[in-house]
Structures are given as structure tokens and as C-alpha cells.
Number of protein chains: 2
Amino acid sequence: MQKYQKLFNLLNIWAQELTHKMTTENILKRRPPTERPAPNVEKRPARQRPLHEAAVDRLRDMIIEGDLAVGERLHEFNLAEALNVSRTPVREAVKLLATEGLVELLPGRGARVAALSAKTISELLEVIGGIERHACELAAERMTSRELARLQRMHERMALHHQAGNLHEYFKLNNEIHVAIVAAAKNAILEATHASLILKARRGRHAALASQARWTEAMAEHDLLMKAFAERDGRKAGEIMFQHDLRTGEVVRQMLKASEGH
Amino acid sequence: MQKYQKLFNLLNIWAQELTHKMTTENILKRRPPTERPAPNVEKRPARQRPLHEAAVDRLRDMIIEGDLAVGERLHEFNLAEALNVSRTPVREAVKLLATEGLVELLPGRGARVAALSAKTISELLEVIGGIERHACELAAERMTSRELARLQRMHERMALHHQAGNLHEYFKLNNEIHVAIVAAAKNAILEATHASLILKARRGRHAALASQARWTEAMAEHDLLMKAFAERDGRKAGEIMFQHDLRTGEVVRQMLKASEGH
DNA sequence: ACTGTAATTTCTGCATGCAAAAATATCAGA
DNA sequence: TCTGATATTTTTGCATGCAGAAATTACAGT
């Protein structure tokens, strides 16, 4: 709980005071070159990935998985301890998550986990729907036959998981299919925009996992979607996708609404 | 050029060494409450806006306005000096600009201004087109008559600027109209997504400023757009907007292509 | 008990220290 | 003069210091 942090710092100052002169001398009299190679060999910092990046990912997961409750304050010190880094990378990570909309910056008071209201998830899926509709239209024109075939195979595997009642695998493939369609549109900006929105929507995704009725319905919509792609009818595919997303949004919205009411 | 930074630091250490004990004592013997109010009165930190935020905006402008050339390395120390802050807020700002796509992070080597290729601007405007088409459809349904009237007035003012040959004011209003239409769609996520894309596209905007032929054409398209809105025909408005954006994209792309070739 | 105020503690925001990586300069040997 | 090794400088990435703001607690006066 970071009690007496100031006192802790003070003790550190005393400790440093004692060793300060030595440290300064170390800087002045640089280590002779002869002894440099040896000690460096055993040292294995082994860090290729920047800490702030790891921090972003860890924190994002913590928020999406609900480890950090909505509205909870993000304490730099505590998070830094939890992630075993200093406050600096944590601060950078929090700023990034703020641009993603996962956390809310309180000027002068840090940040807290942003609320994910039923309204927000609804808006999110409306936008995702628009983007995926656009992606379908472009993909129908631009996708190679290889890509189309791959999509078909993914779809079939998803159908198998549906029949087997394997909800988790079904959802995973479902997500991959959506991503693959956007990728087939061959527009990097579209892909990146979509990815960032999908990420935010993931927070509400677990809510959708609960609806069995919607599951079967969604499967049927995906069937129609693949038919439209087979005919290379982008307009039709887009419309199906759009409605598919809007319906998903409505289901998630109602579930969140119900849990909000409670 | 940050020559001899290390030496500079070293001198600082010596200076601190001299005052260190005093500082420590100041911390121990906290200032008595009686003399606290007085010295604080004259102090005017006068900073309500976080430095890192100001840094983001300044840097973004510098990149968009071309003060920082494409591919140029971003040196924390230099930028910090230029903006009169320390490296910390600069680092935070650079990270944010990286998520916006304006700069490119080079792991272990800082960052550089990201290239804005003809392809990228083309993709950007394709996505913006898709989003604005969607916005038109939603706006036609959701916008109030007040909003529609306001849009009409903006359009008329823009037409005046067009006739007067006032390019700068024309573009400003043009931008405001696009933003207003997206706002009328009543979807905060859509609005935010659009805003962030527009921001990136601003980098290529000055290129479009040059084309007089496109200017007149674009004005005609806006006329059609307003007619469609008057009829509350979202589908039609959306299509017009989409084509409008694609054409703008094509013009900017060709201009950038030409300047790339040089 | 309740409210407002002062004292205390915690926390944020920024500055700066420092080790190690990267870039650059130096120079010996071909 | 070029090449490659080595020394030097610069730069980054992270850790940590510290002032002041915010939050909390303690407490006096009602």
C-alpha cells in the first residue's frame, strides 16, 4: 500500500549519502578496458522487448479480463510493483491505454478504468459493423482465390466447433474470420482501425458468450456471408456482415444493460 | 547537440554534493506551518495543462506542418530543449504519436517521423470515405432539423468562400462540415475514430490545397450532398460522400506520387 | 455527533541519474 | 587508402528523486 514512501525515500538518501563518493569516483575513473569484456559476458539482461510495451499488454489484459474493476483507480506505484518495473513504463502504458479508451485520465489524479456502458458497446459494434461492411465490399473485389479458399476452410472448421458445442474454439475462429476478411480488403489503415476497435469490444465479448440462441443465429448468418463471398457479391456480403454485427451488438447491449441494472 | 552531457551531469553531481546535506536537513526539519503560507503566495506555477499533452500537440503540429522532415530522427534531448520540458513528457508524447502513426518507433533507437506515402494517404482516404459514408447514413436518420439547418448555413458560407476564391477559409469550413456530419451520426466512437483518421490525413492536406480543378468539382459534390440530406436520403448522401472522398484521395495521391518521384 | 480547518500522508507529474546499447570517431595493420 | 578492431561519445530506456496537489486523517469548536 506504499505506506511511508517518503520515509522510505529518506532512508535511501542516507544510504546513498554513504556510498555517494564512491559512486562518483567510479564514474571518474572509468573501468580500464582490459577488464571490461570478462564481466560483461556473464551478464544477461536478456531484454529485447521494451518494458513499456509489455506493461501495456499486461495492463490491457488485466482490464479486459476484469482483473481491474471498472472505475478502479490505477496506482502507479502498486502497478509498478505488480509488474515488477518502475513507475516510468507504467506511466507510459497508462497513457497509451487512455488513447485506446480503456482507461480514463483524471488530470492531476492519475487514471481509472473506463466504464464500458451498454451504450458504448452498442456504438462500438455499430462502428465495427460499418468497417466490416466496407471490408466485405473491398475484400470481395480484392481477395485472391487462395484467400477465399482459406476463409471457406476456416468457416467449415467453425461450423464443426458449433456442432460440437465447443463455444470457446468457435469464438476464436469467429474472430479470426472477421480479422481475415478485413485483411483481405488489402488496406493497412482499415486493418489497424478495425483491430483497435475489436480490442475494445473484447471487453464486452464475454457477455455475448452466454447467449446460446444468438450462437445458432450467428452461425446461419456466417453461412450466408460465405455464400455471398463465393459469388463475389461484396454489396450483399457487406449488408449481411453489417446486420450480423448490429445484432451481436444488440445482444451484448441487453446483457450489459441487465447486469448494469442489477 | 548535447555534447558532453555526461560531463554536464557530473558537474551537477558535484554541485548537488555540496548542497546535499542542507537539502536532507530541509526534508527532515519540515518548514514550520507559520511561514508556509507566505512564500507560497508569490509562487505561480500556473500550470493547469499537463506538459505531456502540450508536448503531443506541439510535436504533432511540427510533424504535420513539416517542421520535422519525414524520416528525421526524434532526439529526446533536443526536443525536450526545444519544448522547454524534460525528456519524460517528450518520451510520453512520442509514444502517443506512435500509436497515431505519425512516428515510427525504432526499438532501442528512439523514433523517427513516419513516412507518408502516396499509398498510405490513399488508404487513409478510403477508410475515411467508408466512415463518412456510414456517418451520412446515420446522420440522415438521426440529425435534428436544427443540425440540418446549421449544416446548410455552413455549406452556404463555404460556397461564398469558394466564389471569393478564399481557399484557406473554404478548406476550414469544408473540414468543419465533414466533422459536423459525423457528429450528427450521434455515435461517439464513430466520431473519435473519424477524428483520429482526419488528423493523420491532415499531413497530406496541403497537397490537395494546390488543385484548383478539384476545388470546383468538390464544391459541386458538396451541393449534391446537401440536396441528399435535405431529402433525408442517407443512402444517397453516403454514396456521394464516399465518392467525394475517393476522388480527393486520388488527387492527393497523385500529387504525393509526383513529389515522391522528384 | 457534525462541520470546517489544519496536519499528515499518499500520489502524481515532471526532472534527472545512470547503465547499457547504438552511433561515431580513432587508429593500427593490410 | 581501405578495413576492421577498439575506444569514445551520444542516446536511449528505465529507475528514482522531489515538489506540490490531492486525499486522508486528526481535531477543535459548535
Side-chain angles (χ1 to χ4, degrees), chain A residues 1-13 15-16 20 23-24 26-27 30-34 36-37 39-40 43-55 73-80 83-95 105-111, chain B residues 1-13 15-16 20 23-24 26-27 30-34 36-37 39-40 43-55 73-80 83-95 105-111:
Chain A
M1 279 300 179
Q2 192 193 5
K3 292 211 165 174
Y4 304 109
Q5 190 199 328
K6 199 94 184 188
L7 183 60
F8 177 73
N9 286 343
L10 197 51
L11 288 171
N12 261 357
I13 288 171
Q16 278 187 271
H20 196 93
T23 308
T24 304
N26 277 348
I27 292 169
R30 301 179 73 101
R31 208 169 1 183
T34 49
R36 184 147 49 120
N40 267 11
K43 266 198 177 179
R44 294 245 121 262
R47 182 186 357 103
Q48 31 278 85
R49 190 132 188 277
L51 290 188
H52 66 259
E53 227 175 81
R73 278 281 294 281
L74 263 42
H75 283 264
E76 297 181 352
F77 192 91
N78 294 357
L79 292 177
L83 304 183
N84 248 305
V85 297
S86 81
R87 288 169 49 220
T88 304
V90 171
R91 283 178 57 76
E92 293 175 351
V94 169
K95 295 271 184 316
L105 256 35
L106 311 171
R109 253 163 329 137
Chain B
M1 278 299 179
Q2 192 194 7
K3 290 211 167 173
Y4 304 110
Q5 191 200 330
K6 199 95 185 190
L7 183 58
F8 177 72
N9 286 343
L10 196 50
L11 288 171
N12 261 357
I13 288 171
Q16 280 187 270
H20 196 92
T23 307
T24 305
N26 278 345
I27 292 169
R30 303 180 73 101
R31 207 170 1 181
T34 49
R36 182 144 52 114
N40 267 12
K43 267 196 175 176
R44 293 244 121 262
R47 181 185 0 101
Q48 32 277 84
R49 189 133 188 275
L51 290 187
H52 66 260
E53 225 175 83
R73 280 280 295 282
L74 263 41
H75 283 263
E76 298 181 353
F77 192 92
N78 294 358
L79 291 177
L83 304 183
N84 248 304
V85 296
S86 82
R87 287 170 50 221
T88 303
V90 170
R91 283 177 58 75
E92 293 176 352
V94 169
K95 296 269 184 317
L105 255 34
L106 311 171
R109 252 166 325 140

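Here is the naming used below: chain letters follow the sequence lines, and residue numbers restart at 1 for every chain. As the structure is a prediction and not an experimental result, all values here were calculated from the model.
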Given the rule in the side chain to side chain contact (heavy atoms under 4.5 Å, CB included) test, do A:T88 and B:T88 qualify, once you have shown the distances and angles that lead to the verdict?
-> CA-CA 8 Å; A:T88 304; B:T88 303; 5.5 Å; no

Does OP1 or OP2 of D:dG13 have a side-chain N or O of A:H52 closer than 4.0 Å?
->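 No, A:H52 has no side-chain N/O under 4.0 Å of OP1/OP2 on D:dG13.
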
Does C:dA15 have OP1 or OP2 sitting under 4.0 Å from an N or O in the side chain of B:S86?
->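 The answer is yes; a side-chain N or O of B:S86 sits under 4.0 Å from OP1 or OP2.
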
[X] [atom1] to [N] [atom2]: how many Å, rounded?
X: B:R49; N: C:dC14; atom1: CZ; atom2: C1'; value: 16 Å
X: A:E53; N: D:dG13; atom1: CD; atom2: C1'; value: 13 Å
X: A:N84; N: D:dC14; atom1: CG; atom2: C1'; value: 14 Å
X: A:L105; N: C:dC11; atom1: CG; atom2: P; value: 17 Å
X: A:R87; N: C:dT16; atom1: CZ; atom2: P; value: 16 Å
X: A:L51; N: D:dT16; atom1: CG; atom2: P; value: 12 Å
X: B:L83; N: C:dC14; atom1: CG; atom2: C1'; value: 14 Å
X: A:H75; N: D:dA23; atom1: NE2; atom2: P; value: 10 Å

Across the strands shown, which category fits B:L74 at heavy-atom distances under 4.0 angstrom: base, sugar-phosphate, nothing?
->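 Contact class for B:L74: sugar-phosphate only.
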
Of all heavy-atom pairs between [X] and [Y], which one has the smallest distance, and what is that distance?
X: B:H52; Y: B:A93; value: O-CB, 4.1 Å
X: A:A80; Y: A:R87; value: CB-N, 4.0 Å
X: A:A55; Y: A:P89; value: CB-O, 4.2 Å

Side chain of [X], heavy atoms from C-beta onward: which of [options] has the nearest atom to it?
X: B:E76; options: C:dT16, D:dT12, D:dA15; result: D:dT12
X: B:R91; options: D:dC18, D:dT12, C:dA15; result: D:dT12
X: A:P50; options: C:dA15, D:dC14, D:dC18; result: D:dC14

Do any N or O atoms of the protein come closer than 3.5 Å to N or O atoms of nucleotides 22-24 of chain C, and which pairs are they?
none

Global bending angle along the helix from C:dA1-D:dT30 to C:dA30-D:dT1, which compares the axes of five pairs at either end, to 10 degrees |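 Rounded value for the end-axis angle: 10°.
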
Contacts of type side chain to side chain contact (heavy atoms under 4.5 Å, CB included), residue A:R73, not counting sequence neighbours |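 Result, side chain to side chain contact (heavy atoms under 4.5 Å, CB included) vs A:R73: A:H75, A:L106, A:R109, A:R112.
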
Interatomic spacing from CG in B:N84 to CG in B:L79 - rounded to 0.5 Å |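 The CG atom of B:N84 sits 12.5 Å away from the CG atom of B:L79.
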
